[in-house]
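Below is one structure, written out as structure tokens; the observations come after it.
Below, each value reflects all heavy atoms present in this structure, side chains not excepted, and no hydrogens, waters or symmetry copies.
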Amino acid sequence: MRSIRIEQYGGPEVLLRREVPVPEPRPDEVLIKVAYAGINFMDVHTREGKYAHSSTYPVRLPCTLGMEGAGVIMGAGDAVNSHMQGERVAWCISWGSYAEYSVVPATKVAKLPDALSFEQAAAAMFPGCTAHYLVHDAGRLRAGMSCLIHAASGGIGQILIQLCKRLGVKVFATTSSDAKAHIARGLGADHVMMYEGFADVVRKMTSGKGVDVVFDPLGLATLRGSLRATRTRGLIVNYGAVSGAVRDLDPLELGEAGSLFLTRPRLADHMADAATVQRRADDIFAALLDGTLTIPISGTYTLDSVEQAHAALEERQQIGKAVLKIG
Ligand SMILES: NC(=O)c1ccc[n+]([C@@H]2O[C@H](COP(=O)([O-])OP(=O)(O)OC[C@H]3O[C@@H](n4cnc5c(N)ncnc54)[C@H](OP(=O)(O)O)[C@@H]3O)[C@@H](O)[C@H]2O)c1
């Protein structure tokens, strides 16, 4: 079968087109014929080696890239009784979706409603479940609260805006261009701004108080500003490090900024069992089908054009979600 593999970490040049055997499922895995794979910034981090020493996400070389997809179950290991052949499914945080077939632990696989396309499911599973736990479990947002969403036109940012507005949360948002700001406003963000001076703008617009929760996927470029934009005893959810890692934060800074709470959560710890995976997926899929959530697909690539997809992400050209059409 065709696949995109990495045998060493690095730039787009380490993406290799490889013919490999169709993988055999282990006892607790299912074999899936992949229709679409999702493309995410996490794929870029994986390619660069950022998970080489991770125990949450133990990526080991050689690795077939891609950790989100949708397709049809073709077979299952002996211990699997939760899924059957021919079932339409989607999954995330299991590597190998940039390929014609993938083996995935059965506990990470969600069943799809008949009305949801593979394309939409592959675009929604990872960022949808991420935004879902960030809003409901990490941020614990409720009606009347306020938040700041950085990189608001990004894959996860766009969903965060919509889930927050659905709850009745006031949304402040940052982006890097007028075109991206236009997207964030269109999704319902109340106040959209550029990064420059964002903490001052947020404080001014909240009568000097700051917001209840900040969602920060950027890290180095924004985290200290995020502390300033948060209210006393508020929460910063630093869920990524797209702009670089923060390596020098003294906990005393949290005290000085107003007894703040800082968390660095991971999706894997919020998708711990099959029931949770299906519950989060069902919530996102239902919202897509009833029209209260939209995840526009703004880039469709193939196994022959993966490099372009990664370049669009790294050059900040990708607005929203991109997918790989495979099957
Ligand atoms: N902790 C978790 O559970 C979890 C789960 C899923 C993903 N993540 C992480 O969340 C982060 C965002 O993922 P995503 O897929 O939603 O990405 P994305 O938002 O679609 O893309 C990243 C965005 O970051 C902004 N950005 C700022 N500085 C950048 C830089 N130096 N290079 C590239 N982009 C930059 C860009 O928006 P502007 O141009 O508007 O700034 C860009 O659109 C990634 O680090 C990912 O690994 C974490």
- Name all residues meeting the side chain to side chain contact (heavy atoms under 4.5 Å, CB included) criterion together with His45; count only those two or more places apart in sequence or in a different chain, and write none if there are none. Phe41, Glu48, Lys50, Tyr51, Val242

- side chain to side chain contact (heavy atoms under 4.5 Å, CB included) partners for Pro105, two or more places apart: Ser94, Thr107, Lys108

- Query: Are Phe261 and Ile236 close enough that some pair of their side-chain heavy atoms sits under 4.5 Å apart?
  - Reply: no

- Query: Any donor and acceptor pair, going by atom type alone, linking the side chain of Ser226 with main-chain N or O of Thr222 inside 3.5 Å?
  - Reply: yes

- Message: Within the 3.5 Å criterion, strictly below it, is a donor on Gln158 or Ser153 matched to an acceptor on the partner's side chain?
- Response: no

- Provide the full list of salt bridge (charged side-chain N to carboxylate O under 4.0 Å, His left out) pairs with a residue in residues 25-42, sequence neighbours left out, each pair given once. Arg26-Glu29

- Message: Restricting to side chain to side chain contact (heavy atoms under 4.5 Å, CB included), what partner residues turn up for Glu24, sequence neighbours left out?
- Response: none

- Message: Taking salt bridge (charged side-chain N to carboxylate O under 4.0 Å, His left out) as the cut-off, I'd like each qualifying pair that reaches into residues 241-253, sequence neighbours left out, listed once.
- Response: Arg224-Asp248, Arg224-Glu253

- Item | Main-chain N/O of Ala221 paired with Ser243 side-chain donor or acceptor, under 3.5 Å | yes

Residues 112-127, side-chain donor-acceptor partners within the protein, below 3.5 Å, at least two apart:
unit_1 : atom_1 : unit_2 : atom_2 : d
Ser117 : OG     : Gln120 : N      : 3.0
Gln120 : NE2    : Ile295 : O      : 3.2

Taking only distance into account, with no hydrogens and no angle test, what donor-acceptor pairs under 3.5 Å do side-chain atoms of residues 192-201 form with protein atoms, sequence neighbours excluded?
unit_1 : atom_1 : unit_2 : atom_2 : d
Tyr195 : OH     : Ala151 : N      : 3.3
Asp200 : OD1    : Arg228 : NH1    : 3.4
Asp200 : OD1    : Arg228 : NH2    : 2.7

- Query: Does any pair with a residue in residues 230-245 pass salt bridge (charged side-chain N to carboxylate O under 4.0 Å, His left out), and if so which ones, sequence neighbours excluded?
  - Reply: Asp212-Arg231

- Query: For residues 214-257, which residue pairs qualify under ring pair (Phe, Tyr, Trp, His ring centres under 6.0 Å), counting only residues two or more places apart or in two chains?
  - Reply: none

- Carboxylate-amine/guanidinium contact Lys321 Glu68, below 4.0 Å: yes

- Task: Quick one: pull up CZ in Arg140 and CG in Leu235 and give me the separation to the nearest 0.5 Å.
- Result: 9.0 Å

- Message: Can you list everything that forms a side chain to side chain donor-acceptor pair (under 3.5 Å) with Arg316? Sequence neighbours excluded, please.
- Response: none

- Message: Within this structure, what is the CE-OH distance for the pair Met67 and Tyr98, rounded to the nearest 0.5 Å?
- Response: 9.0 Å

- Could you list the residues that satisfy ring pair (Phe, Tyr, Trp, His ring centres under 6.0 Å) with Phe285, not counting sequence neighbours? none

- Message: Check this for me: does any side-chain nitrogen of one of Asp178 and Arg185 sit under 4.0 Å from a carboxylate oxygen of the other?
- Response: no

- Listed partners of Thr56 passing side chain to side chain contact (heavy atoms under 4.5 Å, CB included), at least two apart: Ser54, Arg266, Ala268

- Under 4.0 Å between a Lys/Arg side-chain N and an Asp/Glu carboxylate O for Asp190 and Lys165? yes

